[in-house]
Amino acid sequence: MQALPDPVFQPADSTAAMMDLIGGKPGASTVFGEPVTVDGITVIPVARAGIAFGGADGGVGGGADIRPLGYLEIRDGVARYHPIRDTWGHVVVPLAALAAGLAAPWMIHAASKFRRPRR
């Protein structure tokens with residue numbers, strides 16, 4: 001009976017295998033979608049893409065994150081970028097800060113009622 005060789009971790013081989021698994025190499029097509037043209041207006045979606053790999057204790061893992069950023073509009077030979085606004089960062093966070101600021105005096109007053117009287 002012949003012994004099998006010890007498996008050796010090869011990062012380059014693992015990365016290539018993961019890239020094949022998730023659909024090829026990252027490039028412009030990862031962040032720029034397919035152009036759509038209707039009535040002489042061309043729209044190209046734009047996204048941010050990130051990919052990461054790691055390994056420990058003989059295991060290898062990875063992940064990808066793709067988020068829409070906006071779109072390019074091409075009309076009459078003029079290109080304009082239209083960002084997609086982040087409503088959480090521009091609306092919800094300030095509202096939460098306002099609510100916390102308004103609630104702070106009430107919470108301080110309520111906490112002072114539970115103080116033990118001094119002897």
Side-chain angles (χ1 to χ4, degrees):
M1 184 181 227
Q2 187 176 17
L4 296 173
D6 290 332
V8 177
F9 176 66
Q10 298 293 332
D13 295 340
S14 297
T15 303
M18 288 290 279
M19 294 303 288
D20 288 340
L21 185 65
I22 63 172
K25 298 178 182 175
S29 63
T30 306
V31 294
F32 292 104
E34 292 296 320
V36 177
T37 303
V38 176
D39 295 331
I41 301 170
T42 302
V43 175
I44 304 170
V46 179
R48 176 180 61 206
I51 189 166
F53 297 101
D57 298 329
V60 178
D65 179 38
I66 301 174
R67 296 175 188 246
L69 293 179
Y71 61 94
L72 291 171
E73 175 187 297
I74 304 171
R75 182 188 305 221
D76 300 326
V78 177
R80 288 186 48 199
Y81 175 72
H82 299 275
I84 295 174
R85 303 285 182 217
D86 179 18
T87 56
W88 285 104
H90 293 101
V91 175
V92 175
V93 172
L95 285 177
L98 177 64
L102 292 173
W106 177 83
M107 292 179 359
I108 292 169
H109 177 70
S112 68
K113 288 185 176 183
F114 293 108
R115 257 191 198 168
R116 293 184 189 176
R118 291 187 178 183
R119 293 183 187 191

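All residue numbers refer to positions in the sequence shown, counting from 1.
Remark: Val93 pairs with no residue by the side chain to side chain contact (heavy atoms under 4.5 Å, CB included) rule, at least two apart or across chains.
Here the shortest heavy-atom pairing between Gly70 and Ile84 reads CA-CG1, 3.6 Å.
Through side-chain heavy atoms spaced under 4.5 Å, either directly or across other Ile, Leu, Val, Met, Phe, Trp or Tyr residues, Val91 is tied to Leu95. Under a 4.5 Å side-chain heavy-atom criterion applied to ILVMFWY residues, the cluster that includes Tyr71 comprises Ile41, Val43 as well.
We find the CZ-CG distance between Arg80 and Leu72 to be 11.5 Å, quoted to the nearest 0.5 Å.
A chain of hydrophobic side-chain contacts below 4.5 Å, direct or via other Ile, Leu, Val, Met, Phe, Trp or Tyr residues, connects Ile44 to Tyr81. Taken together through direct or relayed side-chain contacts under 4.5 Å among Ile, Leu, Val, Met, Phe, Trp and Tyr, Ile74 and Leu69 form part of one hydrophobic cluster.
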